[in-house]
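Model, not experiment: these values are computed from the prediction.
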Amino acid sequence: MRVFLLEDDDAIALGLKYSLEKEGYEVTHVTTAADAKSTWKAGEYDICILDINLPDGNGYDICKFVKESEDIPVIFLTASDAEVNVVMGLEMGADDYICKPFRINELMARIKTVLRRAGKKESASSGADENVERLGNISIYTNEARVTISDTSTGKEEAVELTALEYRLLLTFCNNRGVVLSRNQLLQDMWDVSGDFVNDNTLTVYIKRLRDKIETDPSDPKIIKTVRGLGYIVDK
């Protein structure tokens, strides 16, 4: 996977580049809007990570510039989580954003989520299971946005009807299996089909509905587990 990184803070960029390359990503790093425009080549990268505040412009303009040449996933790095910044970034076509300072593990999880949401695979694996994610007896066919549940006694698959937000929530858990996700992290990744952000009470409802549909016993969930005081985890 190839990453186009625009970050003018050398310390942040150095740490990011090191961590990304350690995970197997190829990183092209630029520090200014001018360098970004002169270096960018359509079809060369799988994802863009763009700082918003730049010495000669802003990441919004670079996002627009990039999106004019191809529809590539974009994550914004921002020093503020003000709603106006978030909304502006999403309206520019961004797929996600993360506020500084951030934990590198959180950014890695966001990158994986955005890449999978965009249908990009992190490995060169092949075969029938390439576009199927499995959580216990749950199968998620990402190419078709289709979810099934298998009967453990017969092996027969039955379709699970999910709303768009329930499906997105399930994918978020799937892409971050083994990681405890706080409610705030889930809320940052969730917005409804009209672009409105999901609030805390609504998130509770969607988690309950999702459990009702995929858990054998929703009152004692085995797939989406609650980590008391911290959030939720899927470790299947």
J.: As an exercise, state the distance from CG of Asp8 to OG1 of Thr32, rounded to the nearest 0.5 Å.
T.: 9.0 Å

J.: Carefully, step by step, assess Asp200 and Leu187 under the rule side-chain contact (heavy atoms from CB on, under 4.5 Å).
T.: CA-CA 7 Å; Asp200 192 70; Leu187 286 168; 3.9 Å; yes

J.: State whether a side-chain donor-acceptor pair under 3.5 Å links Ser150 with Arg134.
T.: no

J.: Out of Val27, Leu77, Leu6, which residue meets the side chain to side chain contact (heavy atoms under 4.5 Å, CB included) rule with Ile49?
T.: Leu77

J.: Do Asp96 and Thr113 get their side chains close enough for a donor-acceptor pair, meaning under 3.5 Å?
T.: no

J.: Specify the closest pair of heavy atoms between Cys174 and Leu135, including all atoms of both residues, with the distance to one decimal.
T.: CB-CD1, 4.1 Å

J.: If you compare all heavy atoms of Glu70 against all heavy atoms of Ala42, which two are closest, and at what distance to 0.1 Å?
T.: OE2-CA, 3.3 Å

J.: Can you hop from Leu186 to Tyr167 via hydrophobic side chains spaced under 4.5 Å?
T.: yes

J.: Ion pair present between Glu133 and Arg177, side-chain N to carboxylate O less than 4.0 angstrom?
T.: yes

J.: Name the one of Val114, Leu50, Ile47 that satisfies side chain to side chain contact (heavy atoms under 4.5 Å, CB included) with Val74?
T.: Leu50

J.: Between Leu165 and Val160, is there shared hydrophobic-cluster membership here, with clusters defined by ILVMFWY side-chain heavy atoms closer than 4.5 Å?
T.: yes

J.: Determine whether Ile12 and Tyr25 fall in the same hydrophobic cluster, where Ile, Leu, Val, Met, Phe, Trp and Tyr are linked whenever their side-chain heavy atoms lie under 4.5 Å apart.
T.: yes

J.: So, are Glu161 and Lys213 salt-bridged, with charged N and O less than 4.0 Å apart?
T.: no

J.: Decide yes or no on side-chain hydrogen bond (donor to acceptor under 3.5 Å, both in side chains) for Tyr232 and Arg183, but give the supporting numbers first.
T.: CA-CA 8 Å; Tyr232 306 90; Arg183 294 181 66 85; 2.8 Å; yes

J.: Decide whether Asp217 and Ser219 meet the rule of one side-chain donor and one side-chain acceptor closer than 3.5 Å.
T.: yes

J.: Taking a hydrophobic cluster as the set of Ile, Leu, Val, Met, Phe, Trp and Tyr residues connected by side-chain heavy atoms closer than 4.5 Å, whether directly or through intermediates, do Met1 and Val3 fall within one such cluster?
T.: yes

J.: side-chain hydrogen bond (donor to acceptor under 3.5 Å, both in side chains) for Trp40 and Thr28? Distances and angles first, verdict last.
T.: CA-CA 9 Å; Trp40 171 260; Thr28 296; over 6 Å; no

J.: Which atoms form the tightest heavy-atom contact between Asn176 and Ala109, and what is the distance?
T.: OD1-CB, 2.8 Å

J.: Give the C-alpha distance, both sets of side-chain angles, the deciding distance and a yes or no for ring pair (Phe, Tyr, Trp, His ring centres under 6.0 Å) between Phe4 and Tyr45.
T.: CA-CA 6 Å; Phe4 188 80; Tyr45 307 99; 5.1 Å; yes

J.: Can Lys222 and Glu215 be counted as an ion pair, charged N to O under 4.0 angstrom?
T.: no

J.: Is Tyr18 atom OH crowded by more than 12 heavy atoms from other residues, nucleotides or ligands, each under 6.0 Å away?
T.: no

J.: Hey, quick one: are Leu20 and Leu107 part of the same hydrophobic cluster, counting side-chain heavy atoms closer than 4.5 Å, chains of contacts allowed?
T.: yes

